[in-house]
Novice: 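My structure is below; once you've seen it, I'll send some questions.
No experiment lies behind these values; they were computed from the predicted model shown. Labels below follow one simple rule: chain letters A, B, ... track the order of the sequence lines, proteins then strands, and each chain is numbered from 1.
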Amino acid sequence: MNWGDSSKGMCDDIEKMERDIIDRIQVCNGCRMCVAMCPTFEGWYTQSAYGRLLAVNLHFKYGLGSVEELSRFLFECATCRRCQERCRVLSRNVGPADIILKARRLLVKKSQAKDTKGS
Amino acid sequence: MKNTVKNIVPVGHIYIRGNVLKKGNIIGVEEEKAAWAKDLDLPRQGEYTFFAGCGYQFMKYAEGMTRAARTMQKVGIGMDKSISMNIHMSKVLGKVGIDLGTVTAKVSTAGKKDAYTTILTSAVSVLRKLGVDIGYLHQDEPCCGSPLYYAGFLDDYIENAQKNYELLKSLNIQKVIGLIPACTSSLRNLYPQYVEGFDLEVYQFSEVVAQELNKKKIKPKLREKLIVTYHDPCQLSRYLNVTKEPREILNNIDGLELREPGLEQRGQWSTCCGGGGLEAGSPELCERLGRRRAEELLATGANVIVSHCPACIMQLKNSVKRLKADVAVMDLVEILDKVLE
């Protein structure tokens with residue numbers, strides 16, 4: 001499902017990406033339907049779509065947690081989209097897998113911007 | 001602390017990115033590209049263009065590499081280090097004048113027919129048996145670049161996509177048959193989003209086959225009775241929404257019994273086996289996922305696990321081997337090639 005993908009073409013605007021992601025996460029009402037559904041879930045919330053979105057929200061909105069930790073949570077996602085299907089059919093169609101991909105993109109984008117600035 | 005790309009993206013993904021951008025495939029071996037099609041006399045032009053993709057062609061290298069990474073991890077060297085060591089080694093050897101790519105290529109071309117490239121030849125023979133007119137681009141076939149997309153390198157992905165579209169357009173291609181679900185979903189779902197004026201028609205192999213079987217009313221027969229279960233690859237079932245066609249094909253075969261896992265574990269809800277992108281970042285987690293999925297599939301009591309994706313096939317083969325179960329893992333293509341005359 002495509003929820004108004006604003007990243008058409010090259011996405012240069014980091015702030016806009018960040019705002020898009022945060023706005024979209026607010027749609028989630030935390031039904032946790034995607035938690036036990038996630039194939040990587042082994043007991044921690046951050047091993048599921050819900051926990052990953054929570055971590056993204058806390059990091060980008062409130063600046064909590066380190067980037068390394070967040071990226072570890074995000075890159076442990078198998079991007080199998082099982083959560084997305086569940087959310088679309090039974091909950092609020094947040095599109096968790098798409099948000100996780102977007103957050104990965106944002107992290108890469110931010111670090112690349114830093115890389116070029118530093119050198 | 002400084003946040004560079006290396007701190008954020010697992011090294012496996014960075015390594016794959018370098019290969020895709022520099023060598024045009026995921027593993028980084030140039031010599032082997034299109035070697036499987038040498039004896040098939042595939043024309044370059046046809047009604048449909050067959051898109052073989054990297055997966056089946058280079059799976060044997062991926063298999064060796066992940067195995068090496070896993071053993072190194074068990075000895076105590078992390079995935080990150082083992083791959084960077086690999087890169088480092090190839091750099092050092094390059095300075096001395098030895099190219100690691102050609103060395104591995106020479107070692108593995110000794111047995112030219114491996115379990116994965118035969119799937120490609122079977123796919124071509126199935127399409128020929130059904131009378132589908134196909135062409136193949138041989139060495140010119142680009143890499144769709146989907147690993148870049150899933151690792152977060154969107155700019156590189158878009159650049160690659162635009163280049164590929166221009167190439168495909170300049171070769172006068174209209175219809176594409178993709179075999180690997182990830183490549184097909186990349187071409188069908190993502191390219192139109194990022195390439196302006198993208199107008200190629202992209203089909204998945206099983207869609208074309210199901211359509212042809214229906215049209216020609218072919219009812220293939222198996223000599224011995226076979227109990228199979230079908231594992232839906234994520235990219236096929238949830239990205240491309242192809243869940244009906246593979247089942248149609250399997251149910252259409254006489255003498256084949258399809259036993260499915262529970263309602264929550266099949267079709268659009270199928271559990272992920274953990275193969276593919278996850279393997280580049282966290283191989284241990286991926287191993288556990290594979291075991292869970294294999295257990296679900298083995299509970300159906302089938303003799304053969306059928307799937308339709310190179311990453312899933314590799315992952316399930318390894319998991320079944322680890323569980324020491326006496327079950328074969330086959331691709332849908334192999335079964336089709338056996339039953340069609």
Novice: Measure distances from A:Cys77 to the heavy atoms of chain B and classify the residue's part below 4.5 Å as side chain, backbone, both or neither.
Specialist: backbone
Novice: Which atoms of B:Leu289 are under 4.5 Å from chain A, going by heavy atoms: the side chain, the backbone, both sets, or neither?
Specialist: side chain
Novice: CG/B:Leu278 to OG1/A:Thr79 distance, rounded to the nearest 0.5 angstrom?
Specialist: 8.0 Å
Novice: Does A:Arg82 qualify as a cation-pi partner of B:Trp269, given the criterion of NZ or CZ under 6.0 Å from the six-membered ring centre and within 45 degrees of its axis?
Specialist: no
Novice: Identify the heavy atoms of B:Ser282 and A:Glu76 that sit nearest to each other, and give their distance.
Specialist: OG-CG, 4.0 Å
Novice: Would A:Lys109 and B:Leu154 count as a side chain to side chain contact (heavy atoms under 4.5 Å, CB included) here? Give the steps.
Specialist: CA-CA 9 Å; A:Lys109 196 94 203 169; B:Leu154 188 65; over 6 Å; no
Novice: Could you tell me whether A:Arg104 sits above the aromatic face of B:Tyr150, with NZ or CZ closer than 6.0 angstrom to the six-membered ring centre and within 45 degrees of the axis?
Specialist: no
Novice: Any side-chain to backbone donor/acceptor pair from A:Arg81 onto B:Tyr239? Under 3.5 Å, distance only.
Specialist: no
Novice: Need one label for B:Arg293: side chain, backbone, both or neither, based on atoms under 4.5 Å from any heavy atom in chain A.
Specialist: neither
Novice: Just wondering, are more than 12 heavy atoms of other shown residues or ligands nearer than 6.0 Å to NZ in B:Lys321?
Specialist: no
Novice: Surrounding CD of A:Gln26 (heavy atoms of other residues, nucleotides or ligands, distance under 6.0 Å), is the total greater than 12?
Specialist: yes
Novice: Measure from the side-chain N and O atoms of B:Arg238 to the backbone N and O of A:Glu85, and report whether any donor-acceptor pair falls under 3.5 Å.
Specialist: no
Novice: Hey, could you give me the SG/CD distance between A:Cys80 and B:Gln235, rounded to the nearest 0.5 Å?
Specialist: 10.0 Å
Novice: Is B:Ser270 close to chain A through its backbone or its side chain, or both, or neither, when contacts mean heavy atoms under 4.5 Å?
Specialist: backbone
Novice: Looking at CG of B:Asn7 and CZ of A:Arg72, how far apart are the two atoms once the value is rounded to the nearest 0.5 Å?
Specialist: 13.5 Å
Novice: In terms of heavy-atom pairs under 4.5 Å, which option from B:Val195, B:Asn189, B:Leu285 contacts chain A the most?
Specialist: B:Leu285
Novice: Determine, step by step, whether B:Phe153 and A:Arg105 satisfy the side chain to side chain contact (heavy atoms under 4.5 Å, CB included) criterion, reporting the C-alpha distance in whole Å, the side-chain angles of both residues, the deciding distance to 0.1 Å, and the verdict.
Specialist: CA-CA 6 Å; B:Phe153 300 109; A:Arg105 238 177 264 162; over 6 Å; no
Novice: What distance do A:Leu106 atom CG and B:Ile8 atom CD1 have between them, rounded to the nearest 0.5 Å?
Specialist: 9.5 Å
Novice: Which bit of A:Glu42 comes within less than 4.5 Å of chain B, counting heavy atoms only: side chain, backbone, both or neither?
Specialist: side chain
